[in-house]
Amino acid sequence: MNRKRLITALVLIVLAAAGVLAWQQRAKADVPTYRFVEVQRRDVRRTVSATGTLNAVTTVSVGTQVSGQLSDLYVDFNDHVTKGQLLARIDPRLALQAVTDAEATVERNNAQLVEAQREHTRNRELLDSGLVARSAYDTTQSSLAVAAANVKSARVALDRALRDR
């Protein structure tokens with residue numbers, strides 16, 4: 001029994017010694033280190049280091065009335081620009097093709113209008129002679145109105161294409 005007490009006492013002494021050593025090491029690690037230098041006379045410089053996101057004071061959105069690929073770009077990012085200054089040029093080829101297409105549509109619709117007018121005139125004469133039914137005449141009258149509306153719509157599309165070029 002005496003031997004058991006002796007072993008237990010030795011284990012407790014070893015554990016206590018290890019605890020004291022660990023506590024001393026930890027206390028040394030918490031002590032700040034200082035650097036000692038001689039005082040000198042110099043200019044004070046302030047430096048601020050920070051992280052974050054920069055935002056512009058003023059942001060201006062620039063857009064166009066028409067879209068397309070740019071053929072020329074006359075300014076760069078953050079350049080100073082003035083009102084009315086040309087910033088970029090949109091490739092005019094697509095706009096010119098749209099004008100040509102709109103002109104062709106106007107011509108096609110004008111030809112359909114002329115044909116509808118002829119058909120309407122012919123059916124009116126035949127109706128007066130009693131050789132065509134009233135429903136056939138009404139159909140040609142409706143076709144004439146549709147052809148006239150198509151011409152009007154095609155002219156509006158042409159005006160838009162001319163403005164966008």
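Because only heavy atoms are used, hydrogens play no part in the values below, and waters and symmetry mates are left out as well, while side chains stay in.
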Only counting residues at least two apart or in another chain, list the ones meeting side-chain hydrogen bond (donor to acceptor under 3.5 Å, both in side chains) with [X].
X: Arg45; result: none
X: Glu119; result: Arg122
X: Gln69; result: none

Got a second to check how far [X]'s [atom1] is from [Y]'s [atom2], nearest 0.5 Å?
X: Glu107; Y: Leu158; atom1: CD; atom2: CG; result: 9.5 Å
X: Arg89; Y: Leu73; atom1: CZ; atom2: CG; result: 12.0 Å
X: Asn110; Y: Asn150; atom1: CG; atom2: CG; result: 10.5 Å
X: Thr82; Y: Gln85; atom1: OG1; atom2: CD; result: 4.5 Å
X: Ile90; Y: Asp72; atom1: CD1; atom2: CG; result: 11.5 Å
X: Leu96; Y: Asp164; atom1: CG; atom2: CG; result: 11.5 Å

Going by ring-ring contact (aromatic ring centres under 6.0 Å, His included), name the pairs with one or both residues in [range], residues two or more places apart or in two chains.
range: residues 144-165; answer: none
range: residues 39-70; answer: none
range: residues 101-135; answer: His120-Tyr137
range: residues 51-109; answer: none

(message) For a quick test of reading the model, state the closest non-hydrogen atom pair linking Asn109 to Ala154 and the distance between them.
(response) ND2-CB, 3.3 Å
(request) Might you point out which heavy atoms bring Ala116 and Ala147 nearest each other, and give the distance in Å? (result) CB-CB, 4.0 Å
If the condition is salt bridge (Lys or Arg N to Asp or Glu O under 4.0 Å), which residues does [X] pass it with, not counting sequence neighbours?
X: Arg134; result: Asp138
X: Arg118; result: Glu115
X: Asp91; result: Arg93
X: Arg108; result: none

(request) Measure the shortest side-chain to side-chain distance between Thr139 and Asn123 over non-hydrogen atoms and say whether it is less than 4.5 angstrom. (result) no
(message) Do Arg163 and Asp159 have side chains that approach each other closer than 4.5 Å (heavy atoms only, starting at C-beta)?
(response) no
(message) Using the rule given for side chain to side chain contact (heavy atoms under 4.5 Å, CB included), can you reason through Arg5 versus Thr8, listing the C-alpha separation, both sets of side-chain angles and the distance that settles it, and then say yes or no?
(response) CA-CA 5 Å; Arg5 283 186 185 168; Thr8 304; 5.7 Å; no
(message) Pair Leu144, Leu113 - check side chain to side chain contact (heavy atoms under 4.5 Å, CB included), show working.
(response) CA-CA 6 Å; Leu144 179 61; Leu113 178 62; 3.8 Å; yes
(request) Could I get the full list of side-chain contact (heavy atoms from CB on, under 4.5 Å) partners for Asp101, not counting sequence neighbours? (result) Thr105
